[in-house]
Every structure is written in C-alpha cells, then in structure tokens.
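All ligand and atom numbering here is 1-based and tracks the order in the structure. These figures come from a predicted structure and were not determined experimentally.
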Amino acid sequence: MNQQGYNPYAAAQSQFDQIADVLDLDPSVRELLRQPSREFHFTIPVKMDDGSTKIFHGYRIQHNAARGPAKGGIRFHPLETVDTIRALSMWMTWKCSVVDIPLGGAKGGIICDPHNLSKGEQERLCRGYVRQIAKNIGPVIDVPAPDVMTNGQHMLWMLDEYETIFGGHYPGTITGKPVGSGGSLGRTEATGYGVIYSLREALKALDIPVSSTTASLQGFGNVAEYASRLYTSMGGKIVAISSWDNHDQKSYTFRKKDGLDIDKMVAIKDSFGTINKEKAVELGCELLDGGEWIAQDVDILLPCALENQITTDTFEKVSKNVKVICEGANGPTAPECDELIKKRSIFLVPDFLANAGGVTCSYFEQVQCNSNYFWPKEEVLEKLDEKMTSAFQAVYRLAKEKDLYMRDAAYIIAINRVAEAVKLRGWV
Ligand SMILES: NC(=O)C1=CN([C@@H]2O[C@H](COP(=O)(O)OP(=O)(O)OC[C@H]3O[C@@H](n4cnc5c(N)ncnc54)[C@H](OP(=O)(O)O)[C@@H]3O)[C@@H](O)[C@H]2O)C=CC1
Ligand SMILES: O=C(O)CCC(=O)C(=O)O
C-alpha cells in the first residue's frame, strides 16, 4: 500500500541497484532483474448483493521465473498500488532464492476493502480475478497464495474457478488452501514461526537467551499472531502490540509491561485483526497511540504489518536498548534507515529472509499436492525450521566473513543465484 511520498518499487529498485553495483552485475542481467518480466492489469466486474455491478481493479505481476514457476501472494487492500505489487513481486524472487527453493517471484492484488464486502461478494471477486488471469497462472507458470487480508477460503474459491475453467484437479495451482482441501498443515503458522526461527538464530549469534528478552510488535494479523505465539512459548515477553482498528480507522498500541497474554489477546480480536479496546483494558492493557509500538524500551522490534513503517522519522523513537529488528512484514524499513540501523549496531534480520517461512511451506504444500500424500504437522514444521535455519546461517556466515550488513549479505546470495539461473538458461 502506498503512503504519500513513499514508493515501494523505487525502494526495491534502490536496494537492488546497490547490490548490483557491489556484484558488478552484467548490464543486461541488471536491466532484466531490476523490473518485472510480465504484468497483467485487468478489471473485474462483480455483481453486488444490492443488484448493482461494481468494477474492481486487479493485478498479477511476475518478476522472474528463471529458478522455477513464479510464486507469491494476492493481497486485498483499498490502498493497493501497481508499484507496491511490482516491489513485492521482486522481493518474492529474492525470498525464494535466499531460502533456495525452486520458485521465482510474483505478486497479485485487488484494490478493495474486504471489511465492506459480504462473503458472497468476496467469492464472486475471487472467481472474477481468476477468470481474468487463468491462462497466465498454474502449477508450472505462476502459483498464487494468501497475503494481506486474504486467506485459505479465498484461495479455495480461486482454485475452484481455475479447475472449473480447465476441467480437472490442479491443486498445485494455488497454495495456502485450507487443510483437507489440498492445504498443508502448518501453513497458517509458517510465516510467523519462520520469523521466530530466524530471530532465535539471531539471538544465538548475539549470545542472548530468548527467555531473557522483551519485544514489541506492529500488526496482529496472521504473521504477527503466530510469531507472538512461538516467541512467547520460547519464554520471550511481548510488552506491546500495535494493531489497526477498523472501526476508528486508526491504529492503537496495546501495552502491558509485565507481558501480554497472547491467547487472551487473540480471543478478543476479530477476523481482520482489530482488537477490542474495552476488553483489552479489562485485561490490563494500556491504550497508546498506534505509532508507540516502535518507541518501547524492548530488546526486539518485530514489524509485522505493512511496508515503510521504520522511517527516518520513526527511527528517532527507537529505544537505545533495541538489539534486534526482525522484519516480519515485507518492506517495513525505508532504505534510508538502513544506515541508521547499521550506525546503532542493531542486528537486522531482513524481510525476505525472516518472512520466507510462508512461501517455504507453500512449496512444501505443492510437493505434497504433487504426490497426493500429506505430511504430519510436526514433519512440516521440522522441515521448515531446517530450511529457515540453514538460510539464516548461510547469510550470517557471509555477513561475518565479509563484514556485511545482513540485508546486503542476503541480497548478495539471492541475486547471485537468480543471475546465475538467467545466464545458464541463456536469457542474457
Ligand atoms: N501471510 C503470509 O504468509 C505472509 C505475509 N507477509 C507479510 O507480512 C505482513 C502482514 O501480513 P499478514 O499478517 O498476512 O496480513 P494480515 O492481513 O493477516 O494482517 C495485517 C495486519 O496489520 C494490521 N495493520 C494494518 N495497518 C496497520 C497499522 N497502521 N498499524 C498497525 N497494524 C496495522 C492489520 O489490521 P486490519 O486487518 O484490521 O487492517 C492486520 O492485523 C505483510 O507485509 C505481508 O506482505 C510476508 C510473508 C508471508
Ligand atoms: O506462500 C506464498 O506463496 C506467498 C507468500 C508471500 O506472498 C510472501 O512471502 O510475501
């Protein structure tokens, strides 16, 4: 979602350009990789419950498919923009590459606010989206999944429409499906758990026990909820959570200095992540301004909501005691803030490494669908932990060896692999 004056695509390109310079990338490889390879922009007419027809705008942007079918979520958001989706499609390519799964990068979106759409309208919107893009997605082309404000039900409506069009079962077309309908156990937890597997490794590297740490989070959607659950189960204490309030159209920070009870907080949020304020106060929470999550005196910051949240302005509020920023959201840090983070010697776990657990589990879902044999949850999570840990360790090793910032080390590994693939295929 674009905020005034901030362009995520420009941010993604600027991050890429810096590393392309370091790697002295061949000019044609650089030109190919600094933009998406294909973009689909389309209208989606939807019959509304009141009998009117509303025209929505949908997008699917495929950045690169040299290492495998393009892969990435579909977002529903009223402020979605083409440039946000372009940036996210690029970040998907680097994400799949850094965890070394055989997939490329894509992202999709529909400009809409699902808070204001009935279930039937959402279903018709999902089906309409697929009718417009069906020929350009599929198990060997481009595989969508859930993202901001989309879930397994949306994915299953989309898959059903795809299978109706092509007349067969193609469960590898879409991941993040409900368990029992081609979904993998563990996908719901995967992104948030993956964030915490990376955080655990970062704390190990810093020789800090998880159980001695405190954290503050932004967001309380899918990623934040499961990150909170795993982090607190390891003994960490969450003292603040910032969440969007859909009724008031603003965000609030819920703070409890002796630690929030995550089960109780989850029990008082609605399906969109809005936390009930009155009930939170009954649970002992102080209610602060939404932006205050970043100013808490904690060891760890976990931005798990949106892009462009850690900016030069908001960074001024970051406590001197913060030791780790682990990025659960895509693009939460403005590029100009990286210098400030480095100067303060805060250990950064970059987004496309930290939040790669979702797409890694999506890859496992495809593998399970292909063999029509589904693994127990423990096996999925064990494999996920292995993949996340080895990706973190590879990035950390390079960062240590060459004295690099973690974001730069992750980019070097990811871009090198994709550059190698486009060269080997003879594209450049
Ligand atoms: N789901 C996944 O598998 C993956 C998600 N991600 C990324 O993680 C981030 C979160 O995604 P996910 O959890 O799936 O999305 P959800 O839609 O489940 O959650 C997003 C959360 O952020 C909240 N939010 C929105 N604006 C603000 C704000 N200004 N302040 C505080 N909270 C806010 C939302 O509230 P409300 O809904 O009430 O508006 C919601 O609780 C995104 O950047 C996404 O791209 C990355 C990898 C995979
Ligand atoms: O599971 C997937 O394929 C997509 C996940 C995603 O969109 C993301 O990692 O940002």
Legend entry - Shortest heavy-atom approach to atom 21 (C) of ligand 1 - which of Ser251, Gly291, Gly331, Gly221: Gly221
Legend entry - Part of Glu307 with heavy atoms under 4.0 Å of ligand 1, whether side chain, backbone, both or neither: neither
Inset, instruction - Pick one of side chain, backbone, both or neither for how Asn330 approaches ligand 2, counting any non-hydrogen atom pair under 4.0 Å. - result: side chain
Inset, instruction - Look up atom CD1 in Ile238 and atom CE in Met265, then write down how far apart they are to the nearest 0.5 Å. - result: 10.0 Å
Legend entry - Nearest neighbour in protein (non-hydrogen) for atom 4 (C) of ligand 2: Gly73 N, 3.5 Å
Legend entry - Under 4.0 Å to a heavy atom of Ala145 - the qualifying atoms of ligand 2, by number: 1 (O), 2 (C), 3 (O), 4 (C)
Inset, instruction - Kindly state whether the ring of Tyr411 and the ring of Phe352 have centres lying under 6.0 angstrom apart. - result: yes
Inset, instruction - Record the part of Gln218 in heavy-atom contact with ligand 1 below 4.0 Å; permitted values are side chain, backbone, both and neither. - result: side chain
Legend entry - Minimum non-hydrogen distance to atom 1 (N) of ligand 1, winning option of Thr253, Asn355, Asn222: Asn222
Legend entry - Structural part of Pro332 in contact with ligand 1, heavy atom criterion under 4.0 angstrom: neither
Inset, instruction - Using a strict cut-off of 4.0 Å, indicate which atoms of ligand 2 neighbour a heavy atom of Lys107. - result: 6 (C), 7 (O), 8 (C), 10 (O)
Legend entry - Nearest neighbour in protein (non-hydrogen) for atom 1 (O) of ligand 2: Ser362 OG, 2.5 Å
Inset, instruction - Could you list which atoms of ligand 1 come closer than 4.0 Å to a heavy atom of Cys304? - result: 9 (C), 10 (C)
Inset, instruction - Provide, to 0.1 Å, the distance between atom 5 (C) of ligand 2 and the closest protein heavy atom, together with that atom's residue and name. - result: Arg187 NH2, 4.0 Å
Legend entry - ligand 1-proximal atoms of Ala305, by part, heavy-atom distance under 4.0 Å: both
Legend entry - For atom 9 (O) of ligand 2, closest protein heavy-atom neighbour: Lys95 NZ, 2.7 Å
Inset, instruction - For ligand 1, note which part of Arg187 has a heavy atom under 4.0 Å away: side chain, backbone, both or neither. - result: side chain
Inset, instruction - Report the relative orientation of the aromatic rings in Trp375 and Phe364; use parallel for angles under 30°, tilted for 30 to 60°, perpendicular for over 60°. - result: tilted
Inset, instruction - State the atoms of ligand 1, each with its element, that fall below the 4.0 Å cut-off from a heavy-atom position in Met149. - result: 17 (O)
Legend entry - Element-labelled atoms of ligand 2 that are located less than 4.0 Å from some non-hydrogen atom of Asp147: 6 (C), 7 (O), 10 (O)
Legend entry - Lys/Arg-Asp/Glu bridge criterion (N-O < 4.0 Å) met for Arg75, Glu307: yes
Legend entry - Subset of ligand 1 atoms that lie under 4.0 Å from at least one heavy atom of Ser242: 30 (N), 31 (C), 32 (N)
Inset, instruction - Could you tell me whether some N/O pair between Pro146 and ligand 1 is separated by less than 3.5 angstrom? - result: no
Inset, instruction - Give me the ring orientation class for Phe347 and Phe392: parallel if the planes are under 30° apart, tilted from 30 to 60°, perpendicular past 60°. - result: parallel
Legend entry - Salt bridge Glu286-Lys257, side-chain N to carboxylate O under 4.0 Å: no
Legend entry - Which of the ligand 2 atoms, numbered from 1, are nearer than 4.0 Å to a heavy atom of Gly358: 1 (O)
Legend entry - Pairwise distance CD1(Ile196) to OG(Ser233) - rounded to 0.5 angstrom: 9.0 Å
Legend entry - ligand 1-proximal atoms of Trp244, by part, heavy-atom distance under 4.0 Å: both
Inset, instruction - Please indicate whether any nitrogen or oxygen in Asp147 is less than 3.5 Å from any nitrogen or oxygen in ligand 1. - result: yes
Inset, instruction - Of the side chain and backbone of Lys95, name the one, both, or neither that has a heavy atom under 4.0 Å from an atom of ligand 1. - result: side chain
Legend entry - Salt-bridge contact Glu386-Lys383 (side-chain N to carboxylate O under 4.0 Å): no
Inset, instruction - For Glu80 and Tyr59, run side chain to side chain contact (heavy atoms under 4.5 Å, CB included): C-alpha distance rounded to whole Å, both residues' side-chain angles, the deciding distance at 0.1 Å, then the answer. - result: CA-CA 10 Å; Glu80 199 61 277; Tyr59 305 89; 5.6 Å; no
Inset, instruction - Answer whether the closest heavy-atom distance between the side chains of Met90 and Tyr9 falls below 4.5 Å. - result: yes
Inset, instruction - State whether Lys342 and Glu339 are salt-bridged, where the test is any N-O pair (Lys NZ or Arg NE/NH1/NH2 against Asp/Glu carboxylate O) under 4.0 Å. - result: yes
Inset, instruction - Could you find the nearest protein heavy atom to atom 3 (O) of ligand 2 and give me its residue, atom name and distance? - result: Lys71 NZ, 2.6 Å
Inset, instruction - Select the closest option to atom 2 (C) of ligand 1 among Asn151, Leu79, Thr191, judged by heavy-atom distance. - result: Thr191
Inset, instruction - Could you pull out, from Val223, Val195, Thr274, Asn246, the option with a heavy atom nearest to atom 11 (O) of ligand 1? - result: Val223
